[in-house]
Amino acid sequence: MNTIQNIKGTQDILPLDTKKWQNLETIVRKICSRFGYEEIRTPIIEQTRLFSRSVGEDTDIVTKEMYTWEDRDGTSLTLRPELTASVARSFIQHNLGAQSPIQRLFYMGPLFRRERPQKGRQRQFHQFGVEAFGSENPEQDAEIIAIAWHILSECGLSDIATLNLNSIGCLNCRKEYRKALKEYLSPHLQQLSETSQKRFEINPLRILDTKSENEQRILKDAPLISNFFTAKDQEHFNSVQDLLNTLNIPFTINEKLVRGLDYYSSTVFEFTSSVIGSQDALLGGGRYDNLVKALGGKQMPGIGFAAGMERFLLAMSEQAFESSIDIYFINLDHEAISTVFTLTDKLRKNGYSVLTDTLRRSMKSQLRDANRSGAKYAIILGDTELSTGTIIIKNLNDGIQETIQQNDLINKMQSLTN
Ligand code: HAM
């Protein structure tokens with residue numbers, strides 16, 4: 001019989017890797033709390049219409065990538081393909097706007113998109129992200145981008161990440177720009193791919209982020225959205241840039257950056273890195289000043305970003321991690337198990353991470369295991385030690401060892417580790 005395998009595009013995260021995940025999660029929590037952001041957890045399943053109304057009926061995510069099914073009562077349900085819509089739904093449903101004029105939220109968790117799996121692209125993947133509801137001012141944009149920058153820096157990635165920044169203006173600006181772009185593209189329509197021809201009708205701005213070289217050539221002289229900014233759009237975008245300069249966060253203006261979700265307006269951004277391969281977006285985000293209203297809430301500005309955790313870990317993969325084990329307890333006498341349990345229990349209650357052997361292996365193989373575990377110290381209890389109430393502490397880095405009274409174990413460990 002064939003053994004059962006995991007589903008294509010999903011992955012098991014095994015113990016060697018969970019350490020790396022926990023490290024990233026700790027950094028995210030630390031930086032978010034430095035900025036006063038609080039965690040929100042929303043369900044993994046939502047009503048399908050939440051995503052079609054926010055992400056957009058005609059986006060890749062909604063048309064091709066969602067895991068959607070009809071529930072027993074006939075409701076259409078979907079495994080969340082992103083989290084901004086879920087967080088906005090929760091914000092409206094629980095009237096979070098009434099609790100405070102500004103809500104600063106962060107999240108982490110799995111998402112699902114039925115894309116073609118490749119390096120850095122999975123069907124179940126994980127994001128961390130932040131969303132701030134309530135402020136339409138540029139300082140909010142700068143704060144959100146600063147969080148991304150702090151997390152990247154803390155992960156050792158700020159040198160290899162490039163911030164691409166753009167503004168796609170307000171609704172009016174986009175309406176005028178859409179007209180101009182369509183006018184420019186219509187003589188080239190036959191040369192565009194089938195996808196772009198469809199986008200030409202529904203959402204021509206999406207053609208700007210095409211990967212096709214031919215289409216990029218056609219777009220070289222296309223009108224720029226910045227020429228259609230209202231005075232308010234321009235002023236907002238200038239202020240965001242000024243604040244990023246104040247914070248010494250380097251950025252590149254990329255007028256072709258439009259992002260693939262419909263809810264964006266004004267500021268949009270992505271941090272990319274070539275070190276992770278062709279799926280180079282480490283994180284992406286932007287303003288969504290009309291989203292809450294579109295989902296049935298009040299007019300409420302918002303901005304946020306989400307980052308692919310697998311992609312962060314790919315970029316961080318060269319970094320070494322210290323073992324979390326402090327002590328490996330080597331026991332050579334089966335009669336001594338209750339002494340071992342008493343001592344290890346004391347050590348753990350005093351905050352030490354301790355591994356013990358439960359396979360009754362030889363000294364040699366327990367020592368080998370101790371070295372493999374990355375423990376800093378081995379504690380050895382043999383026949384002699386058992387009969388004299390002593391114990392050996394061996395520093396596994398320099399090999400130096402000493403014999404002490406069992407009663408002194410905690411004091412000794414504390415003096416060694418402080
Ligand atoms: P997104 O650009 O669709 O935006 O996804 C954000 C990040 O998730 C990407 O930059 C990438 O790192 C990661 N990602 C996306 N798809 C996959 C995949 N199939 N496999 C692995 N990683 C992936 C959003 O999701 C928006 N909700 C971001 C946002 C928050 N905008 C405002 N607030």
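Atoms within each ligand, like the ligands themselves, are counted from 1 in listed order.
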Practice item. Considering only NZ, NE, NH1 and NH2 on the basic side and carboxylate oxygens on the acidic side, decide whether Arg113 and Glu82 come within less than 4.0 Å. Key: no
min-distance protein heavy atom vs atom 4 (O) of ligand 1 -> Arg259 NH2, 2.9 Å
In terms of its nearest heavy atom to atom 15 (C) of ligand 1, the top option of Gln118, Arg113, His126 is Arg113
Leu283 heavy atoms within 4.0 Å reach ligand 1 at atoms 10 (O)
Atom 9 (C) of ligand 1 has as its nearest protein heavy atom Ala281 O, 4.0 Å
So the atoms of ligand 1 within less than 4.0 Å of a heavy atom of Tyr263 turn out to be 26 (C), 27 (N), 31 (N)
Would you say NZ of Lys256 has more than 12 non-hydrogen atoms from neighbouring residues, nucleotides or ligands within 6.0 angstrom? yes
Separation between CD1 (Ile253) and CG (Asn164), nearest 0.5 Å, reads 9.5 Å
re atom 30 (C) of ligand 1, the protein heavy-atom contact at minimum distance is Thr84 OG1, 2.9 Å
Exercise. Could you tell me whether Arg206 and Asp209 make a salt bridge, using a distance below 4.0 angstrom between a side-chain N and a carboxylate O?
Key: yes
Ligand 1 to Gly284, heavy atom cutoff 4.0 Å, flagged ligand atoms 10 (O), 28 (C), 29 (C)
- request: Work out whether the distance between some heavy atom of Tyr288 and some atom of ligand 1 is less than 4.0 Å.
  value: yes
Check ion pair Arg89-Glu46 (N to O, under 4.0 angstrom) | yes
When you check the gap from the basic side-chain N to the acidic O, do Arg199 and Asp60 get nearer than 4.0 Å?
yes
Point to revise | Basic-acidic side-chain contact under 4.0 Å: Arg259, Glu270 | key: yes
Ligand 1 to Gly285, heavy atom cutoff 4.0 Å, flagged ligand atoms 31 (N)
query = Short N/O distance, under 3.5 Å, between Leu282 and ligand 1?
reply = yes
Among non-hydrogen protein atoms, atom 13 (C) of ligand 1 lies closest to Gly308 CA, 3.5 Å
Contact check, Arg121 vs ligand 1, heavy-atom distance below 4.0 Å = yes
shortest atom 27 (N) of ligand 1-to-protein heavy-atom contact is with Glu82 OE1, 2.6 Å
_salt_bridge(Lys179, Glu176) N-O dist < 4.0 Å_ = yes
Note: Phe305 and Ala307 closest approach over all heavy atoms is CD1-N, 4.2 Å
key: Distance under 6.0 Å and angle within 45° of ring axis: Lys182 vs Phe200   = yes
Counting from 1 in the order shown, the ligand 1 atoms closer than 4.0 Å to a non-hydrogen atom of Glu131 are 30 (C), 32 (C), 33 (N)
Under 4.0 Å from one or more heavy atoms of Tyr264, ligand 1 contributes atoms 26 (C), 28 (C), 29 (C), 31 (N), 32 (C)
Ranking Phe128, Phe125, Phe112 by closest non-hydrogen atom to atom 16 (N) of ligand 1, top hit is Phe125
* Asked: Going through the distances and angles, do Met309 and Leu24 end up as a side-chain contact (heavy atoms from CB on, under 4.5 Å)?
  -> CA-CA 8 Å; Met309 296 181 77; Leu24 177 56; 4.0 Å; yes
heavy-atom search around atom 19 (N) of ligand 1 in the protein gives Glu115 OE2, 2.6 Å
Report task. Answer yes or no: does an N/O atom from Gln122 fall short of 3.5 Å to an N/O atom of ligand 1? Result -> yes
* Is a salt bridge present between Arg104 and Glu131, judged by a nitrogen-to-oxygen distance below 4.0 Å? -> no
Closest to atom 32 (C) of ligand 1 among protein heavy atoms sits Gly304 O, 3.2 Å
re atom 8 (O) of ligand 1, the protein heavy-atom contact at minimum distance is Gln127 NE2, 3.1 Å
Within-shell test, Gly120 vs ligand 1, heavy atom, strictly < 4.0 Å: yes
Do any N or O atoms from the side chain of Glu215 and from the backbone of Ile218 form a donor-acceptor pair under 3.5 angstrom? no
